[in-house]
2 protein chains.
Amino acid sequence: MSNRLDKNDWVLAGLKTLSRDGLEAVRVEPLAAKLKVTKGSFYWHFKDRKALLTAMLSLWKREATHAIIDEVERRGGDAKTRLRALFEIVLQSNGKLELAIRAWATTDKTVANTLKTIDRRRIGYTENLFQELGFSSLEANARAHLAYHSLIGQYAMGHNQPGLGPKAQFDAVFTMLTRKPK
Amino acid sequence: MSNRLDKNDWVLAGLKTLSRDGLEAVRVEPLAAKLKVTKGSFYWHFKDRKALLTAMLSLWKREATHAIIDEVERRGGDAKTRLRALFEIVLQSNGKLELAIRAWATTDKTVANTLKTIDRRRIGYTENLFQELGFSSLEANARAHLAYHSLIGQYAMGHNQPGLGPKAQFDAVFTMLTRKPK
DNA sequence: ACGAGACCATACGCTACCGTATGGTGGGGA
DNA sequence: TCCCCACCATACGGTAGCGTATGGTCTCGT
């Protein structure tokens with residue numbers, strides 16, 4: 001058995017403590033301690049702390065860009081079905097990692113730009129679903145933003161029990177969002 | 001002219017850098033430099049760094065609990081008017097300070113509890129307005145949560161230009177939230 | 001005007017972490 | 001087998017910030 005680590009082990013450990021304790025907690029020596037090695041290992045794999053952070057962001061970006069949308073499309077169904085699936089899937093996560101990255105973005109422009117790109121993509125996808133449902137461009141846009149903001153808001157507040165919360169409330173919200181105007 | 005500082009000057013400076021650069025940036029020596037004094041001053045006013053943080057939280061709590069709700073009630077009007085006023089007022093802020101405090105709350109239980117109390121109060125107030133509009137308890141609750149989550153979500157994303165954003169979108173959202181079910 | 005106390009400067013020791021330099025080790029390919 | 005090199009330990013010097021100790025100075029009340 002080989003206890004030796006590779007670059008990815010460090011990135012994973014970094015994302016884990018980022019999610020748990022925030023950016024300031026991902027420091028090389030404490031991280032090394034958790035991995036039962038010393039920082040000698042770290043500096044073999046990475047130039048410096050910043051290089052680790054960059055790698056962490058890039059891994060998260062790959063994941064965050066595709067994972068959920070792909071899963072929704074895999075399940076298929078009409079627009080309303082996919083919309084409901086989308087909500088159900090994103091509410092399964094407690095959003096702790098994403099929240100930590102969002103906090104990180106407030107002091108790092110690169111992270112902020114990455115996040116902006118992802119936000120746009122996800123909102124755009126949601127907006128398209130609403131348009132498929134027959135909403136005008138404006139109405140779809142307003143609904144997609146409302147839904148997405150609400151999701152991020154739930155991440156930002158506790159929301160610690162993953163899941164949908166009370167079903168009646170969820171249905172009320174879903175009905176509101178998918179109800180045609182006029 | 002007296003350049004001497006009192007406790008409140010430190011708290012204000014602390015909140016300012018908390019809002020700008022996050023919790024980790026509010027440290028006594030850099031803060032002293034910004035205030036053109038040395039930490040000798042700081043440790044006269046506060047026992048330690050934690051005491052400053054506590055004072056900051058407590059000041060913010062006082063402000064955040066009453067300010068907005070009081071302003072809405074001062075303006076008066078029927079429930080729909082007050083609801084619209086509420087949305088307009090809260091969207092005037094870019095929410096940077098509140099966002100920083102929310103990030104802080106992820107690693108500090110005291111902060112988390114303070115925030116939970118405030119969240120409940122604000123959601124409760126909003127829920128009451130929806131009930132005044134004739135919504136059932138369940139419908140009012142769902143709408144208040146949706147609106148509040150959405151607000152926090154906007155804070156958590158850039159939203160850097162204070163203001164309401166495109167009026168048409170705002171109206172679409174407001175219409176959606178205040179439209180009776182059935 | 002003068003003492004007291006509020007406010008501040010300076011100097012010190014301590015800890016946590018960064019990044020570098022250098023040498024050790026164990027497992028897989030020639 | 002043995003040697004190479006990917007991976008790791010150790011030791012070092014440097015910086016930033018914490019909190020303490022001690023003494024200086026400005027200002028206000030009497």
Side-chain angles (χ1 to χ4, degrees), chain A residues 1-59 100-101 103-111, chain B residues 1-59 100-101 103-111:
Chain A
M1 80 181 215
S2 171
N3 285 338
R4 303 172 89 171
L5 309 173
D6 64 5
K7 205 164 166 165
N8 206 51
D9 293 324
W10 284 95
V11 175
L12 257 30
L15 287 172
K16 191 169 176 179
T17 84
L18 171 63
S19 161
R20 275 215 220 297
D21 304 313
L23 181 65
E24 292 305 316
V26 19
R27 328 204 135 260
V28 355
E29 277 159 326
L31 218 55
K34 268 178 210 168
L35 293 172
K36 310 282 188 190
V37 292
T38 66
K39 62 180 172 169
S41 168
F42 178 87
Y43 285 102
W44 193 90
H45 291 290
F46 298 93
K47 180 182 169 294
D48 51 23
R49 178 174 177 261
K50 194 174 182 201
L52 170 66
L53 298 182
T54 302
M56 286 165 51
L57 179 64
S58 134
L59 177 60
I101 287 182
W104 180 9
T106 62
T107 56
D108 186 312
K109 251 190 167 178
T110 302
V111 180
Chain B
M1 77 182 213
S2 172
N3 286 338
R4 301 172 89 171
L5 308 173
D6 65 6
K7 205 164 166 164
N8 206 50
D9 293 323
W10 284 96
V11 174
L12 258 29
L15 287 172
K16 190 169 176 179
T17 84
L18 171 63
S19 161
R20 275 215 219 297
D21 304 312
L23 181 66
E24 292 305 315
V26 20
R27 329 202 135 260
V28 355
E29 278 158 327
L31 218 55
K34 266 177 212 169
L35 292 172
K36 311 280 190 192
V37 292
T38 66
K39 61 179 173 172
S41 168
F42 178 87
Y43 285 102
W44 192 89
H45 291 290
F46 298 93
K47 181 182 169 293
D48 51 23
R49 179 175 178 260
K50 193 172 183 203
L52 170 66
L53 297 182
T54 302
M56 286 165 50
L57 179 64
S58 132
L59 177 59
I101 287 181
W104 180 10
T106 62
T107 56
D108 186 312
K109 250 189 168 179
T110 303
V111 180

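Computed from a predicted structure; not experimentally measured. Side chains are part of it too, since the values below use all heavy atoms of this structure and drop only hydrogens, waters and symmetry mates.
Counting to the nearest Å, the C1' atom of dG13(C) and the OH atom of Tyr43(B) are 14 Å from each other. Atom CD in Glu24(B) sits roughly 13 Å away from atom C1' in dC17(C) (whole-Å rounding). Atom pair Phe46(B):CZ and dT20(D):C1' shows a separation of 18 Å (rounding to whole Å applied). In this structure, Arg4(B) atom CZ and dC26(D) atom C1' are separated by 5 Å, rounded to whole Å. Between the CG atom of Asp48(B) and the P atom of dC14(C) there is a distance of 20 Å, rounded to whole Å. One atom, CZ of Phe42(B), and another, C1' of dA9(C), lie 16 Å apart when rounded to the nearest Å. Atom-to-atom, CG of Leu52(A) to P of dC17(C) comes out at 15 Å; the value is rounded to the nearest Å. Distance Glu29(A) CD to dA9(D) C1': 13 Å, rounded to the nearest Å.
In this structure, Lys39(B) and Trp44(B) both approach DNA chain C, and ranking their closest nucleotides by distance from the 5' end singles out Trp44(B). Each of Gly40(B) and Pro30(A) has a nearest nucleotide on DNA chain C; the 5'-most of these lies closest to Gly40(B).
For the pair Lys39(A) and Ala32(A), the tightest heavy-atom approach, listed with the atom from each and the gap, is N-CB, 3.8 Å.
Counting heavy atoms from C-beta outward, Thr54(A) and Phe46(A) have side chains that stay 4.5 Å or more apart. Between Trp10(A) and Val37(A), the closest side-chain pair of non-hydrogen atoms falls below 4.5 Å.
Side-chain nitrogen and oxygen atoms of Arg27(B) include none within less than 4.0 Å of the OP1 or OP2 phosphate oxygen of dG17(D). Side-chain N/O atoms of His45(B) include one lying less than 4.0 angstrom from OP1 or OP2 on dC8(C).
At least one donor-acceptor pair closer than 3.5 Å links the side chain of Asp9(A) to the backbone N or O of Asp6(A).
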